Amino acid sequence: MNLGLKDRAALVTGASMGLGRAVAERLAREGADLVVNSRSPDALEATASEIARDTGRRVIAVAGNVADEDFCARLVERTAAEFGRLDVLVANAGGPPPGGVDDFAPEAYRTALDLNLMSTVQLTLAALPEMRRNGWGRIVAITSVAVKQPVDGLLLSNMARPGVVGFIKTISRELAAEGITCNVAAPGFIHTARVESLLANQAEARRTTREAVLEGIAADIPAGRIGRPDEFANGVVFLASEAASYITGHTMQIDGGLVKGLL
């Protein structure tokens, strides 16, 4: 299938590793040029260089914190300046720390909202003028299956991420007639450094092994295993493509069947 992404310009945040990096790689392989972002300059530069080398596309690293409103505006401006356009925004940010109701003061909740909700809002508002200028755009926000089925021990994530869905769903109705689609990708357990950290934390809390925790999680997934980053990226890049032109306001769970709800 031709996804219609050749020579498109994309911005992917949280892209130095894990899910963001996998999405950036797949977009480049489909022919897009990229600005990639994260808060880790050295890792980000290495990622950008490797993707450019492997795909032959332009990949520009811009380090910074997407929780900062002014930085989000500068990041979008840089993307448009480099490529003359911005077609695809993949809004992604690292998850907040694990824990429950007794583990966090109110400030931790505000920090989680800034990172996981306001970053998406800020990036989207900055990107819209560029997309409107061309009459075409794809906005994909990466959240978690926690927006459909809360994950035990991830209170801050369960609290902050559903707001992203409310934002994306609402604006999707306003922007559809302008050729701009807005969707959410909700990963389940995908094999990333963050999931490895969560496995280690759960193993310590339960006084068991990482392997035992992983076996328990996999047993609850109909696919029988956790996913690979490239499998997740396939879904995101489809939503970001011309092929998904009639899909908007949708939350796509990419989870091997983990979520049990009907919707």
Side-chain angles (χ1 to χ4, degrees), residues 5 8 10-15 18-24 26-27 32 34-39 65-69 71-73 75-76 79 86-96 112-128 130-131 136-151 154 156-176 178 180-188 190 192 194 229 232-241 244-245 247-255 259 263:
L5 287 168
R8 294 288 189 185
L11 167 60
V12 184
T13 64
L19 300 181
R21 173 172 178 150
V23 170
R26 181 61 199 276
L27 283 167
L34 304 169
V35 166
V36 292
N37 157 265
S38 82
R39 291 177 290 182
N65 185 359
V66 292
D68 181 271
E69 180 181 356
F71 174 73
C72 289
L75 184 59
V76 169
T79 306
L86 173 58
D87 301 298
V88 176
L89 167 64
V90 179
N92 177 47
L113 287 169
D114 282 342
L115 180 63
N116 293 126
L117 171 58
M118 291 309 300
S119 63
T120 297
V121 173
Q122 291 158 181
L123 288 163
T124 298
L125 295 180
L128 280 177
E130 296 298 330
M131 293 180 176
W136 196 97
R138 298 287 183 267
I139 298 168
V140 184
I142 297 178
T143 59
S144 161
V145 290
V147 303
K148 294 193 173 188
Q149 181 172 292
V151 179
L154 292 182
L156 295 180
S157 182
N158 296 340
M159 177 274 303
R161 295 189 188 276
V164 176
V165 177
F167 172 69
I168 291 293
K169 181 66 174 180
T170 302
I171 67 170
S172 72
R173 295 180 58 81
E174 299 180 33
L175 297 171
E178 299 183 54
I180 300 170
T181 68
C182 308
N183 293 289
V184 173
I190 310 293
T192 63
R194 174 167 168 79
F232 174 76
N234 288 341
V236 174
V237 173
F238 171 71
L239 291 175
S241 74
S245 58
I247 300 173
T248 194
H250 177 59
T251 297
M252 176 191 285
Q253 62 206 51
I254 305 171
D255 66 351
V259 172
L263 298 174

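Along the sequence shown, residues are numbered consecutively beginning with 1. Below, all heavy atoms of this structure are taken into account, side chains as well, without hydrogens, waters or symmetry copies. Quantities reported herein were computed from a predicted structural model and do not represent experimental measurements.
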Which heavy-atom pair separates [X] from [Y] by the least distance, and what is that distance?
X    : Y    : value
P187 : F232 : CB-CE1, 3.5 Å
L117 : V164 : CD1-N, 3.6 Å
L27  : A10  : CD1-CB, 4.1 Å
M131 : D87  : CE-O, 3.5 Å
I190 : P229 : CG2-N, 3.5 Å
A185 : I254 : CB-CD1, 4.4 Å

Roughly how far apart are [X] [atom1] and [Y] [atom2], rounded to 0.5 Å?
X    : Y    : atom1 : atom2 : answer
M118 : T124 : CE    : OG1   : 10.5 Å
N65  : S119 : CG    : OG    : 8.5 Å
T143 : Q253 : OG1   : CD    : 10.5 Å
F238 : M252 : CZ    : CE    : 6.0 Å
W136 : S245 : CH2   : OG    : 9.0 Å
C182 : E174 : SG    : CD    : 9.0 Å

- Message: Could you check whether any side-chain N or O of D255 sits under 3.5 Å from a backbone N or O of V259, counting only pairs where one atom can act as donor and the other as acceptor?
- Response: yes

With a 4.5 Å limit on heavy-atom distance, are the side chains of [X] and [Y] in contact?
X    : Y    : value
I139 : L123 : no
L89  : V140 : no
F167 : T120 : yes

- Kindly check if the number of other-residue, nucleotide or ligand heavy atoms within 6.0 Å of CZ (R194) is above 12?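 Yes.
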
In sequence, state the C-alpha distance, the side-chain angles, and the governing distance for V237 and V90, and then conclude on side chain to side chain contact (heavy atoms under 4.5 Å, CB included). CA-CA 9 Å; V237 173; V90 179; over 6 Å; no

Only counting residues at least two apart or in another chain, list the ones meeting side chain to side chain contact (heavy atoms under 4.5 Å, CB included) with T181.
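Expected list: R138, N183, T248.
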
Which residues share a side chain to side chain contact (heavy atoms under 4.5 Å, CB included) with N92, sequence neighbours left out: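 Counting only residues at least two positions away or on another chain, N92 forms a side chain to side chain contact (heavy atoms under 4.5 Å, CB included) with T13, I142.
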
Do Q122 and V66 pass the side chain to side chain contact (heavy atoms under 4.5 Å, CB included) test, and can you show the C-alpha distance, the side-chain angles, and the key distance before you say yes or no? CA-CA 8 Å; Q122 291 158 181; V66 292; 6.0 Å; no

The side-chain contact (heavy atoms from CB on, under 4.5 Å) partner of P96 among N158, L113, L154, N116 is N116

Which of V12, L86, V76, L11 passes side-chain contact (heavy atoms from CB on, under 4.5 Å) with V35? It is L11

* Taking only residues two or more places apart in sequence, or in another chain, which ones meet S157 in a side-chain hydrogen bond (donor to acceptor under 3.5 Å, both in side chains)? ->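 With neighbours one apart ignored, the set is R161.
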
